[in-house]
> 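The structure follows.
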Amino acid sequence: MDSSKNIKYYDELDNEGQFELPDTGRKYLPRRNPKQIPAAIQQFVQKQDDSRHTFAYTYKAARFEEGWLLDSLGYFYEQKWISDVLLKIKAGKEASVYLCRAGEQVEAQLVAAKVYRPRMLRNLRDDHLYREGRTDLDEDGRELHDEGSIHAVLTRSRYGEEVRHQSWIAHEYTAMQTLFEAGADVPQPYEMAHNAILMDYVGNLAMPAPTLNDVSLDREEAGQLFARLKQDLDILLTHGHVHGDLSAYNVLYWEGKVSLIDFPQVVSPEHNRNAYAIFERDITRLCEYFIRQGLLLKPQRLAAELWTAHGYHLRPEVHPRLLDADNPGDLKFWKRNEQAK
Ligand SMILES: Nc1ncnc2c1ncn2[C@@H]1O[C@H](COP(=O)(O)OP(=O)(O)OP(=O)(O)O)[C@@H](O)[C@H]1O
Ligand SMILES: [Mg+2]
């Protein structure tokens, strides 16, 4: 039952004076002695026991956050992926990440929920750069082909913006799924909801894993971790992904191991004409950190080697459908490619 229907139901009950309407949007269980409640209503309430309307959590959310969390994490609670929200790990530019106690569905005790900001899209500068060559995905991670949605995205209608928002989340989730299954160092993703992703939590109850940029490594460990990350990048390329925002800020470090995070902007090495430039920037930023830890690295050479080892061309072939004849940059790009043929 969706929340609006539920609220309506309780409104109706309230109007009949059966029992009081709760004062917050969260705890909707009746507070009276259950014996006074007619059997039909008791049954309804019991049925609702696992619903998001009984979702009360330990974390002291700010008022504006409450509805947002209920809306974003209620589904995980209903489906027993989480049983409690314990604290906010970090409020980032595009999302906030919460530490949750896992529900019955998960073997681990703790999980991390990444909840996207409603205004996330506005913060994404140059999003067309990443969207090129990427099909939008729906809430289940399937490619969107229905014309209505595609048109809505193109015309940037309100519904289109919602589709786009969901698509970024779905790209992050499906990329994590593919990479986790392929053995890359990424937190195991468990489930996606319309505004959130649930994944393995890296850290313990006392503290979350720091990101690499907050960690100093000795040269030996730096060498080992860099070699490991190179393997991860290899897996990414093998599975058709360039991270797109890689740096020491998006690598977690915990008990001597690394985990790559933050994938909504993944791009395809084959279908995005900026893919190599984005990849080179990823490698350069990652190398900057490891050079500070004492490694001797040549980022540009490394990027070119990894790229070509996967059979990708340094100068990408771009399907003419992706080029805009009225755009001088696109025209220049097309002419250069024609000359190089
Ligand atoms: N699985 C996880 N386990 C522990 N901590 C995590 C996990 N995922 C994310 N975090 C923490 O949350 C922060 C934000 O996550 P992420 O980078 O995915 O989101 P973001 O909105 O892009 O943030 P930012 O703008 O800071 O890059 C991370 O820097 C890290 O501190
Ligand atoms: Mg990040």
Side-chain angles (χ1 to χ4, degrees), residues 59 65 68-69 72-73 76 81-82 84-103 105-127 129-130 164-181 184-193 195-215 229 232 236 241-267 278 281-282 285-286 288-289:
Y59 170 65
E65 226 180 344
W68 185 50
L69 280 186
S72 309
L73 302 182
F76 296 150
W81 288 106
I82 63 172
D84 196 1
V85 182
L86 299 176
L87 50 90
K88 176 149 67 183
I89 301 170
K90 189 149 174 239
K93 288 192 302 291
E94 289 140 24
S96 292
V97 178
Y98 296 86
L99 171 61
C100 302
R101 198 174 289 288
Q105 291 245 39
V106 188
E107 254 180 53
Q109 305 237 307
L110 300 170
V111 284
K114 180 170 178 176
V115 183
Y116 288 80
R117 287 180 185 285
R119 301 270 172 269
M120 176 264 262
L121 284 174
R122 291 201 190 151
N123 297 333
L124 291 170
R125 281 178 297 120
D126 304 332
D127 72 331
L129 207 73
Y130 301 95
R164 244 155 48 89
H165 179 90
Q166 188 58 49
S167 178
W168 283 89
I169 299 171
H171 271 288
E172 169 150 41
Y173 182 73
T174 51
M176 288 182 80
Q177 250 184 339
T178 308
L179 297 171
F180 178 78
E181 276 162 23
D185 297 305
V186 302
Q188 177 172 3
Y190 291 113
E191 181 59 299
M192 155 172 70
N195 199 37
I197 286 178
L198 196 71
M199 66 183 107
D200 244 347
Y201 168 68
V202 189
N204 62 21
L205 258 186
M207 64 176 282
T211 52
L212 256 191
N213 65 295
D214 278 332
V215 177
L229 286 167
D232 288 329
L236 259 89
H241 291 311
V242 171
H243 184 287
D245 190 20
L246 191 60
S247 75
Y249 289 90
N250 278 331
V251 181
L252 301 177
Y253 173 84
W254 190 250
E255 294 176 339
K257 292 197 175 131
V258 282
S259 305
L260 295 172
I261 56 164
D262 207 0
F263 289 90
Q265 65 293 310
V266 280
V267 300
I278 294 172
R281 187 186 63 189
D282 276 0
R285 286 192 184 153
L286 193 65
E288 277 164 7
Y289 168 80

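Each ligand, and each atom within it, is numbered from 1 in the order the structure gives.
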> Are any of the N/O atoms in Thr211 less than 3.5 Å from those in ligand 1?
no
> Nearest 0.5 Å, what's the CG-CG distance between Leu236 and Leu179?
4.5 Å
> List every atom of ligand 1 that sits less than 4.0 Å from any heavy atom of Ala112, numbering the atoms from 1 in the order shown and giving each element.
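In order of numbering, the contacting atoms are 1 (N), 2 (C).
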> Is it the side chain (CB and beyond), the backbone, both or neither of Ile261 that lies under 4.0 Å from ligand 1, heavy atoms counted?
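Near ligand 1, Ile261 shows its side chain, while the N, CA, C and O stay back.
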> Which atom name would you report as the N, O or S atom of Asp262 nearest the Mg ion (ligand 2)?
OD2
> Which ligand 1 atoms, with their elements, are less than 4.0 angstrom from a heavy-atom of Tyr201?
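Near Tyr201, the atoms of ligand 1 are 3 (N), 4 (C).
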> Report the distance from atom OH of Tyr253 to atom CG of Asn213, rounding to the nearest 0.5 Å.
13.5 Å
> Tell me: protein heavy atom nearest atom 1 (N) of ligand 1, and distance?
Asp200 O, 2.9 Å
> I need the nearest protein heavy-atom contact for atom 7 (C) of ligand 1: residue, atom name and distance, please.
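Ranked first by proximity to atom 7 (C) of ligand 1 is Leu252 CD1, 3.8 Å.
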> Specify the protein heavy atom at minimum distance from atom 25 (O) of ligand 1: its residue, its atom name, and the distance to 0.1 Å.
Lys93 N, 3.1 Å
> Within the 4.0 Å heavy-atom shell around Glu94, which atoms of ligand 1 are there?
21 (O), 22 (O)
> Would you mind checking which non-hydrogen protein atom is closest to atom 11 (C) of ligand 1, with the distance to 0.1 Å?
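Of the protein heavy atoms, Ile89 CG2, 4.1 Å lies nearest.
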> Hey, is there an N, O or S on Asn250 sitting under 2.8 Å from the Mg ion (ligand 2)?
yes
> Polar contacts were defined as any N/O atom of the residue lying under 3.5 Å from an N/O atom of the ligand; does this apply to Asn250 and ligand 1?
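Yes - when backbone and side-chain N and O of Asn250 are compared with those of ligand 1, one distance drops under 3.5 Å.
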> Tell me, please, if Asp245 has any N/O/S atom, main chain or side chain, under 2.8 Å from the Mg ion (ligand 2)?
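Of the N, O and S atoms in Asp245, none lies under 2.8 Å from the Mg ion (ligand 2), which means no.
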> Which of the atoms in ligand 1, numbered in the order shown and given with their element, are less than 4.0 Å from a heavy-atom of Met199?
1 (N)
> From the options Arg117, Glu172, Lys90, Lys114, select the one whose nearest heavy atom is closest to atom 19 (O) of ligand 1.
Lys114
> As an exercise, state the distance from CG of Leu110 to CG of Leu205, rounded to the nearest 0.5 Å.
5.0 Å
> Please work out whether any backbone atom (N, CA, C, O) or any side-chain heavy atom from C-beta onward of Ala95 is under 4.0 Å from ligand 1, and answer side chain, backbone, both or neither.
both
> Nearest 0.5 angstrom please: Gln188 CD to Glu181 CD, how far?
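Separation between the atoms: 9.0 Å.
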> Tell me yes or no: between the side chains of Tyr59 and Asp84, is some donor less than 3.5 Å from an acceptor?
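No.
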> Please name the pair of heavy atoms, one in Pro187 and one in Asp200, separated by the smallest distance, quoted to 0.1 Å.
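What the structure gives for the nearest pair is CB-O, 3.6 Å.
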> With no hydrogens and no angle check, just 3.5 Å: does a side-chain donor-acceptor pair link His243 and Asp262?
no
> With heavy-atom distances below 4.5 Å as the criterion, would you say the side chains of Met192 and Gln166 are in contact?
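SC-SC contact between Met192 and Gln166 confirmed.
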> Who's the nearest protein heavy-atom neighbour of atom 17 (O) of ligand 1, and how far?
Asp262 OD2, 2.9 Å
> Hey, could you give me the NZ/NZ distance between Lys90 and Lys114, rounded to the nearest 0.5 Å?
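Going from NZ on Lys90 over to NZ on Lys114, the span is 10.0 Å.
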> When you measure from atom 23 (O) of ligand 1 to every protein heavy atom, which one gives the shortest distance, and what is it?
Gly92 CA, 3.8 Å
> For ligand 1, which is the ligand I care about here, please tell me if Val202 has any N or O atom under 3.5 Å from one of the ligand's N or O atoms.
yes
> Looking at Val97, which atoms of ligand 1 are within less than 4.0 Å of one of its heavy atoms?
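Result: 9 (C), 10 (N), 12 (O), 14 (C), 15 (O).
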> Looking at Met176, is its backbone amide N or carbonyl O close enough to the side chain of Tyr173 to form a donor-acceptor pair, meaning the two atoms are under 3.5 Å apart?
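The answer is no, because no donor-acceptor pair under 3.5 Å joins these two groups.
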> Do Asp232 and Val186 have side-chain heavy atoms sitting under 4.5 Å apart?
no
> Which distance, rounded to the nearest 0.5 Å, do you find between the CG of Asn250 and the OG of Ser259?
12.0 Å
